[in-house]
Trainee: 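Below is a structure I'd like to ask you about.
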Amino acid sequence: MRPAILNPLFAETATLKGVGAALVRQLARLKLNRALDLLFHLPIMAIDRVQVDHIDESLVGRPIIVVLTIVRHDAGGPRSPLRVRAVDGGGQWVDLVFFGQSGAWARAKLPVQEQRRITGKLDRYGQTLQIGHPDIALPGEAMGPMLREPVYPLTEGVTNKRMAQLAALALARAPDLPEWIEPSVRERQGWASWHDSIAAAHALTGEGKAKDRLAYDELLANQLALLLVRRDTRLRRGRALAGDGRLTGPLVQRLPWSLTAAQTRVLGEISGDMAQSSPMLRLLQGDVGSGKTLVALLAMLVAVEAGAQTALLAPTEILARQHFASITRMLGDLPVRVGILTGRDKGKVRADLLDDLAMGRIDILIGTHAIFQEAVDYHDLGLVVVDEQHRFGVAQRLMLASKAKAPPHLLAMTATPIPRSLALTNYGEMDGSQIDELPPGRQPIETRVMAVERSEEVIAALGRHLAAGGQAYWVCPLVEGSENGDEAAAELRAAELKARFGPTVGMVHGRMKPAEKDAVMADFAGGGLGLLVATTVIEVGVDVPNATLMIIEAAERFGLAQLHQLRGRVGRGSGRSVCLLLRGPELSETAKARLKLMRETNDGFRIAEADLALRGAGEILGHRQSGEAAFRVADPERTAKFVAMARDDARLLLDRDGGLEGPRGQAARVLLYLFERDAGVALLRSG
Ligand code: ADP
Ligand code: MG
């Protein structure tokens, strides 16, 4: 049960004074549905105004507050604005300028010969000083504009003033909450109480300290939830799965190469966990092309040897199909039954498959999230492998566990390495394994950045590559703001390249029918197509070792992790690979830095750290990681700064300070509900 002290914050916005149905709808556009949402809807900056008696040139461009005497009204025309001439105490003329207001309105608001307190930004128009659409108040009015005004993220129909009022209403409901932070931590950081901090974060006072504390609170809630999940999993009895090598042995023997030392070590860590009865929670990290898929397959075979079923969850249909194809190929005639289930399998095929699964006639099930829907029953699920994990959150991971009689072992794999701070926030309940070595013989991918004006040269080089029997990818970017712009761009580009190179050009994008996509992918993998024009649907996992040229159009529009992942589609065989990043004419500093780093390094860990550091306020936790780390206050910078501290604090609370039963634990319960850490809250409910 949610602590009653939080009830006023969880009430809907409609319960706030003066908030009607129309405003409720407008606020909902910003996902502001409850007082709590308004409370955490923090201003992003402040306007600092100067209050002056006299206006002069030096103030142009600044927001000011000044008392003026109204002198004359000049009616506006259809094209020209309404101008109200006014003068300050020293005789300086200023025009107050309005578009779309009537003369009558202006005469009522700004009567000639009277004084008004005017607030707005001072501009110059030719020789004239002017203020456009100022705030107007009586000189003596108490509730005038503030010298320091917080600026909120807004939506149409809700002014900043209104948002500030709403914030004030939400703040008025914010109770004093018990302290959940370890006292010595709070003292060392010089943090105020939660209540004072949230108030200061709205007033933008205290140089970010208030926001630091709130971010810490959020990270603490996150770490507590993860540790609770971890503890709960550890306490449950799963099933010990020990293999006998009858499947893994022959498979490894048959490979044309041997496992890398890192693959062998990681496999040891995984099978060591699986041999225990407490369920494995392990995150497998390894750079693009380091051979995670094979490790996963071997782990699954260990489970099959022990008589259990396993499931491999892929983030996209393309990947699921590809895993199915490559796994059945690798298994050859080994006695392992593999099935595939995605959202598009319907009717009898699906019914038969579900039946086989429930009867234990399938050993390995591969698929998209469809494999964990309500209707899917396993006979004896012992191991779940989640590939390219970062699109699945803790909540989903818990849901997986509920599918088995005994909680299954869980192995998660990330597409690219992730920085430690993100690993802690997103996978903090897991142990980690790293493949820190690429298979031998790989040549580093050569990366070049080229201006888009040179695309003719690039296309000529592509032509030579194809003529020599090479294969290549051409990736088109996502077009911002248009519903299906990226597909349109890919279609256009594909048509152009087809006209040039003929039927060797194929295309895939997200809007194509799955069967069409499969056919094109299979054709490319089989060498029937030389060039694949694609959107980012090929971003993760696609494995065609013969493709050694990657061209990425408008590379500046991609994030670093995404570029690294895309580039990782080449350099998968022993041939020399090249990645060409085509860039547009205008690059932001961040984009420049990104492309430079891509040119300089192939090291996924370095790229991941830089990615985090480079993301500005506007690019917080790009779409890719956002699934899990849906933080309200903890931006990447604060996360990097505080997450390890929050981790220690959470551990201390659970292990030494009496857990959730002690006095600090009671406060921590409030914290978990405040930040809606559902996984943690669910455990509180059940335990
Ligand atoms: P990722 O870690 O990106 O998922 P993959 O598992 O797709 O990497 O492996 C990349 C390529 O390397 C595949 O073609 C795979 O067959 C190959 N590979 C995997 N392990 C080895 C190894 N030990 N030696 C040589 N090639 C390997
Ligand atoms: Mg992979």
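In listed order, ligands and their atoms are each counted from 1. Note that this is a predicted model, so its numbers are computed, not measured.
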Trainee: Can G441 be said to touch ligand 1, with heavy atoms closer than 4.0 Å?
Mentor: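 Judged by the 4.0 Å heavy-atom criterion, G441 does not count as contacting ligand 1.
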Trainee: Taking the basic N atoms (NZ, or NE/NH1/NH2) and the acidic carboxylate oxygens, is any pair closer than 4.0 Å for E637 and K641?
Mentor: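 Salt bridge absent between E637 and K641.
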Trainee: Which of the atoms of ligand 1 are close to D543, meaning less than 4.0 Å from one of its heavy atoms?
Mentor: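 In order of numbering, the contacting atoms are 13 (C), 14 (O).
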Trainee: Under 4.0 Å between a Lys/Arg side-chain N and an Asp/Glu carboxylate O for R350 and D345?
Mentor: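 No, this pair does not count.
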Trainee: Quick one: does G291 get an N or O within less than 3.5 Å of an N or O on ligand 1?
Mentor: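 Yes, at least one N or O pair falls under 3.5 Å.
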Trainee: Given that the side chain starts at C-beta and the backbone is N, CA, C, O, which of these parts of L255 lies under 4.0 Å from ligand 1, counting heavy atoms, or is it both or neither?
Mentor: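 Neither; nothing of L255 gets under 4.0 Å from ligand 1.
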Trainee: Polar-atom distance check: G289 versus ligand 1, any N or O pair below 3.5 Å?
Mentor: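 Yes; the residue has a nitrogen or oxygen that sits under 3.5 Å from a nitrogen or oxygen of the ligand.
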Trainee: Quick test of your reading of the model: are R606 and D287 salt-bridged, counting only N-O distances below 4.0 Å?
Mentor: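 So R606 does not pair with D287 through a salt bridge.
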Trainee: Should the pair D431-R234 be classified as a salt bridge under the 4.0 Å nitrogen-to-oxygen rule?
Mentor: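 So D431 pairs with R234 through a salt bridge.
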Trainee: Carefully, step by step, assess R282 and S433 under the rule side-chain hydrogen bond (donor to acceptor under 3.5 Å, both in side chains).
Mentor: CA-CA 7 Å; R282 194 165 278 279; S433 284; 2.8 Å; yes
Trainee: For ligand 1, which atoms have a heavy atom of R442 less than 4.0 angstrom away?
Mentor: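 Close to R442: 10 (C), 11 (C), 12 (O), 17 (C).
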Trainee: What are the two closest non-hydrogen atoms of I607 and R567, and how far apart are they?
Mentor: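 Closest pair (atom of I607, atom of R567, distance): CD1-NH2, 3.5 Å.
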Trainee: Non-hydrogen atoms of D287 versus ligand 1: any pair closer than 4.0 Å?
Mentor: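 True for this residue.
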